[in-house]
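So the structure is just underneath, and the comments pick up after that.
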Amino acid sequence: MSPNEKSNPPQPDPAASPEPAEGRTTDQELARAEKLKKLVAAGVDPFPHKIERTHAAADVAAEFGARSKEDLEAAKPRVRVPGRILSVRQMGRATFFHISDGRVKIQVYIREDAVGREAYERFFLFDIGDWIAVEGTLFRTRTGELTVMVESFQFVAKCHRPLPEKWHGLQDVEIRYRRRYLDLIMNPEAAAVFRLRSAVVAYLRRYFDERGYIEVETPMMQAVPGGALARPFVTHHNALDTDLYLRVAPELYLKRLVVGGMERVYEINRSFRNEGIDAEHNPEFTMLEFYQAYSDYNDMMDLTEDLLGGLVRDLLGGDAFPYGDDVISVKRPFQRLKFRDALERYGGLDARAFDDRAGVIRLGEEMAPDKKPLTYGRALDVIFDKRVKRHLVQPTFLINPPKEVSPLAKAALGSTDEAARFELFVSGMELANAFSELTDPVEQRLRFEQQAGERAKGDDESHPIDLDYVQALEYGLPPTGGEGIGVDRLAMLLGNRRNIREVILFPLLRPRE
RNA sequence: GGGCCGUUAGCUCAGUGGUAGAGCACCGGCCUUUUAAGCCGGGUGUCGCUGGUUCGAGCCCAGCACGGCUCACCA
């Protein structure tokens with residue numbers, strides 16, 4: 001067969017409306033496809049390879065936002081700026097519209113007498129939602145709004161589907177989460193939260209980098225899912241024919257690195273916990289963990305105050321910020337409250353009740369019948385969760401919880417049943433968890449075995465035995481302070497969002513269909 | 001997993017057992033500094049799905065799906 005006889009492969013119609021991903025094609029989608037066809041017929045490339053621009057919309061605002069009307073009229077600055085059309089106001093032979101780069105909206109003015117009749121009519125083959133690049137000079141309207149006077153414009157990309165309503169934005173939370181791009185287009189305050197989150201993470205990295213910490217990445221797929229008391233996700237490696245777990249925490253690997261001489265390490269990345277989903281929990285979430293040799297949990301408290309104070313000052317200004325109905329102050333020092341004192345103050349346990357171990361267990365089991373049988377320490381933890389947590393609104397270091405629920409922490413100095421550990425609570429939410437790391441390999445092994453004993457009694461939240469980790473400790477871990485901070489929750493606080501899904505771009509939802 | 005609530009046009013939402021509605025968007029007109037532009041005309045729909053009750057169901061009942069809140073769970 002000669003090349004000439006080869007039939008051309010079928011070419012897609014570049015202006016065709018995409019098959020609807022779900023449901024039927026609506027009248028509005030058909031109208032949009034028709035307009036694109038006309039543009040293509042007029043010679044427009046529906047999928048241009050590159051768009052030249054001088055400014056993003058945000059650049060225009062930043063560079064010219066302060067220039068006066070007279071100044072702009074004299075200078076006539078030229079810009080070529082792309083953006084998505086968000087609204088159109090046509091008045092006969094002149095039209096105003098707004099384009100956005102996802103951060104800033106810029107008004108554009110197009111007049112038939114400036115661009116010519118043909119181009120002016122071509123503009124009406126664009127729809128709200130389409131991407132356009134406009135070139136022209138900047139001026140201010142009667143009302144003072146910075147505006148591009150169009151001299152020419154270029155098609156950038158088609159929006160085949162109508163955008164949500166311009167005034168109310170996109171309200172349906174399910175669509176907001178499933179199709180986050182629509183949320184980002186329509187709800188600028190939602191987009192702003194994710195920019196804030198990015199700034200939070202950048203600050204954290206800067207903070208630790210400047211203090212001599214090494215950023216590392218440790219396994220997310222682990223043979224023993226340790227470092228926290230949580231149910232893991234299971235997966236399977238085919239070539240090795242072995243089950244692996246998605247990590248519930250990076251902790252044990254980070255401490256192995258300290259054994260290896262990396263005396264200051266941190267990691268910011270995802271962990272996975274196969275638990276319920278609610279306003280404070282997403283199955284995959286981002287944790288900052290950091291470890292510092294030659295330190296203890298008191299040093300971690302100092303560091304935490306410094307870190308959060310600086311973060312709030314840097315990103316929000318000042319040392320307090322609104323969260324829901326509260327104003328959270330990160331002024332040093334944070335309240336320090338012993339676990340036992342917290343239970344006495346808010347949990348209705350006086351000293352005598354505290355010492356009545358059977359009574360405590362009974363109370364805990366009444367509050368959490370699913371968790372029976374409870375140990376003393378577990379029961380205290382339950383009572384804390386139910387009664388105390390919600391009272392800890394201002395940043396509070398909750399110090400020395402039961403050793404029993406802290407299998408990776410040293411015992412508190414001078415105590416046999418309390419851990420050298422704190423949890424930081426803000427607005428009733430656990431934000432951080434830190435301890436003086438347990439460095440004794442013999443005791444670590446014992447603690448693991450105790451946990452295994454509880455596991456055997458049906459407790460699937462106990463810590464699994466990790467003998468490989470014990471072996472690492474046998475090579476010597478210097479005194480080390482370590483801490484984990486929930487980055488999503490930190491973003492919730494600074495962004496004043498009550499739901500973790502507002503700070504996770506694509507939160508886990510049940511798959512559709 | 002339990003309880004409560006929601007699901008109606010592309011979006012935001014009304015809807016009282018008896019012809020399916022509004023605003024925005026869209027379509028056709030008018031309009032050269034508007035900005036939730038305005039004015040005139042047009043309703044474009046699998047009322048989440050499946051059954052049931054009824055002469056008749058968006059509405060009442062049951063089941064299911066998805067979502068929200070909440071409780072449970074949860075470092």
Side-chain angles (χ1 to χ4, degrees), chain A residues 20 22-32 34-35 69 86-98 105 107-114 120 127-129 139-145 147 149 159-178 182 185-186 227-231 248-249 251 271 273-283 285 287 367-371 381-382 384-386 389 398 401 405-409 421 423-425 429-435 460-461 463 484-486 489 498-499 501 507 509-513:
Chain A
E22 52 182 35
R24 69 212 145 65
T25 305
T26 65
D27 59 330
Q28 299 203 36
E29 287 159 8
L30 291 172
R32 283 167 180 259
E34 274 311 304
K35 288 187 190 172
K69 187 176 171 83
L86 289 185
S87 60
V88 177
R89 294 173 293 284
Q90 187 195 352
M91 293 152 301
R93 296 170 194 278
T95 296
F96 285 96
F97 58 102
H98 274 105
K105 283 198 287 188
Q107 184 167 255
V108 185
Y109 186 41
I110 181 168
R111 300 168 48 135
E112 187 183 287
D113 59 9
Y120 190 69
D127 286 299
I128 290 176
F139 75 106
R140 282 192 189 277
T141 62
R142 264 179 208 158
T143 55
E145 181 165 352
T147 302
M149 171 75 84
C159 179
H160 283 278
R161 292 164 171 266
L163 291 184
E165 207 245 351
K166 65 183 173 190
W167 185 242
H168 298 92
L170 179 62
Q171 299 296 323
D172 184 320
V173 292
E174 188 176 354
I175 300 178
R176 287 187 52 232
Y177 299 154
R178 287 191 194 276
L182 283 179
I185 293 166
M186 300 308 299
L229 314 179
R231 282 199 293 268
V248 297
E251 167 150 355
S271 288
R273 297 186 184 176
N274 204 341
E275 313 277 7
I277 299 174
D278 64 25
E280 291 173 14
H281 298 87
N282 194 59
F285 63 102
M287 248 204 314
M367 291 173 138
D370 295 1
K371 288 187 150 189
D381 209 34
V382 166
F384 172 81
D385 275 352
K386 303 282 180 196
K389 201 157 76 170
L398 183 83
V405 294
S406 314
L408 302 166
R421 169 185 180 189
E423 292 168 285
L424 174 63
F425 285 86
M429 189 160 65
E430 185 192 338
L431 183 64
N433 178 29
F435 25 92
D460 54 1
E461 289 152 26
H463 198 291
I485 295 180
R489 291 177 180 179
R498 289 257 129 176
N499 195 307
R501 290 165 166 169
L509 298 178
R510 187 180 293 276
R512 299 212 73 159
E513 287 162 288

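So that the names make sense, note that chain A is the first sequence line, chain B the second, and so on, each numbered from 1.
Across the P atoms, B:G58 and B:U8 are found 15 Å apart, a figure rounded to whole Å. The gap from the C1' atom of B:C13 to that of B:C31 amounts to 31 Å, rounded to the nearest Å. Using atom P as the reference point in both B:U16 and B:C60, the two lie 9 Å apart (nearest Å). The C1' atoms of B:A20 and B:U44 are separated by 13 Å, rounded to the nearest whole Å. The C1' atoms of B:C64 and B:G6 are separated by 16 Å, rounded to the nearest whole Å.
Remark: A:Arg176 engages A:Asp183, A:Glu502 in a side chain to side chain donor-acceptor pair (under 3.5 Å) (not counting sequence neighbours). Annotation: ring-ring contact (aromatic ring centres under 6.0 Å, His included) contacts of A:Phe285 (sequence neighbours excluded): none. For A:Glu280, the side chain to side chain contact (heavy atoms under 4.5 Å, CB included) test picks out A:Asp278, A:Met429, A:Arg489, with sequence neighbours left out. For A:Arg111, the salt bridge (charged side-chain N to carboxylate O under 4.0 Å, His left out) criterion is met by A:Asp113, not counting sequence neighbours. Looking at residues two or more places apart in sequence or on another chain, you find a ring-ring contact (aromatic ring centres under 6.0 Å, His included) between A:Tyr120 and A:Phe124. With sequence neighbours left out, the side chain to side chain contact (heavy atoms under 4.5 Å, CB included) criterion links A:Leu86 to A:Arg84, A:Ser100, A:Lys105, A:Leu163, A:Ile185. By the ring-ring contact (aromatic ring centres under 6.0 Å, His included) test, A:Phe435 pairs with no residue at all, sequence neighbours left out.
Classified by interplanar angle (parallel below 30°, tilted 30° to 60°, perpendicular above 60°), the ring pair A:Tyr109/A:Phe139 is tilted.
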Output a table of nitrogen or oxygen pairs between the protein and nucleotides 22-29 of chain B separated by less than 3.5 Å.
from  : atom 1 : to       : atom 2 : distance (Å)
B:A25 : OP1    : A:Lys166 : NZ     : 2.9
B:A25 : O2'    : A:Gln28  : OE1    : 3.3
B:A25 : N3     : A:Gln28  : NE2    : 2.9
B:C26 : O4'    : A:Gln28  : OE1    : 3.2
B:C27 : OP1    : A:Lys35  : NZ     : 2.9

Can you pull every protein N or O that's under 3.5 Å from an N or O on nucleotides 69-72 of chain B?
from  : atom 1 : to       : atom 2 : distance (Å)
B:C69 : OP1    : A:Asn499 : ND2    : 2.9
B:A72 : OP1    : A:Lys386 : NZ     : 3.3
B:A72 : O2'    : A:Asp370 : OD2    : 3.2

So which protein nitrogen or oxygen atoms get under 3.5 Å of nucleotides 47-50 of chain B's nitrogens or oxygens?
none

For nucleotides 4-8 of chain B, list the nitrogen or oxygen atoms of the protein found under 3.5 Å from its nitrogen or oxygen atoms, one pair per line.
none

Polar atoms only, N or O, under 3.5 Å: list the protein pairs with nucleotides 32-34 of chain B and their distances.
from  : atom 1 : to       : atom 2 : distance (Å)
B:U32 : OP2    : A:Arg93  : N      : 3.3
B:U32 : O2     : A:Arg111 : NE     : 3.0
B:U32 : O2     : A:Arg111 : NH1    : 3.4
B:U32 : O2     : A:Arg111 : NH2    : 2.9
B:U32 : N3     : A:Asp113 : OD2    : 3.1
B:U32 : O4     : A:Asp113 : OD2    : 3.4
B:U33 : O2'    : A:Arg142 : NE     : 2.7
B:U33 : O2'    : A:Arg142 : NH1    : 2.8
B:U33 : O2     : A:Arg142 : N      : 2.9
B:U34 : OP1    : A:Arg142 : NH1    : 3.3
B:U34 : O2     : A:Arg89  : NE     : 2.6
B:U34 : O2     : A:Arg89  : NH2    : 3.2
B:U34 : O2     : A:Gln107 : OE1    : 3.3
B:U34 : N3     : A:Gln107 : OE1    : 2.8
B:U34 : N3     : A:Gln107 : NE2    : 3.0
B:U34 : O4     : A:Gln107 : NE2    : 2.7
B:U34 : O4     : A:Thr141 : OG1    : 2.8

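A donor-acceptor pair under 3.5 Å is absent between the side-chain atoms of A:His160 and the main chain of A:Glu29, judged by distance alone. At distances below 3.5 Å, at least one donor-acceptor pair connects side-chain atoms of A:Arg273 with backbone N or O atoms of A:Val248.
Within the structure, a side-chain polar atom (N or O) of A:Arg510 is placed less than 4.0 Å from OP1 or OP2 of B:G67.
Backbone-only engagement by A:Gly169 is indicated by non-hydrogen atom pairs under 4.0 Å involving sugar-phosphate atoms exclusively. Nucleic acid contact class of A:Val248 (heavy atoms, under 4.0 Å, all strands): none. Counting non-hydrogen atoms under 4.0 angstrom, A:Arg421 reaches a base of the nucleic acid.
The neighbour count for A:Arg498 CZ, taken as heavy atoms of other residues, nucleotides or ligands under 6.0 Å away, is above 12.
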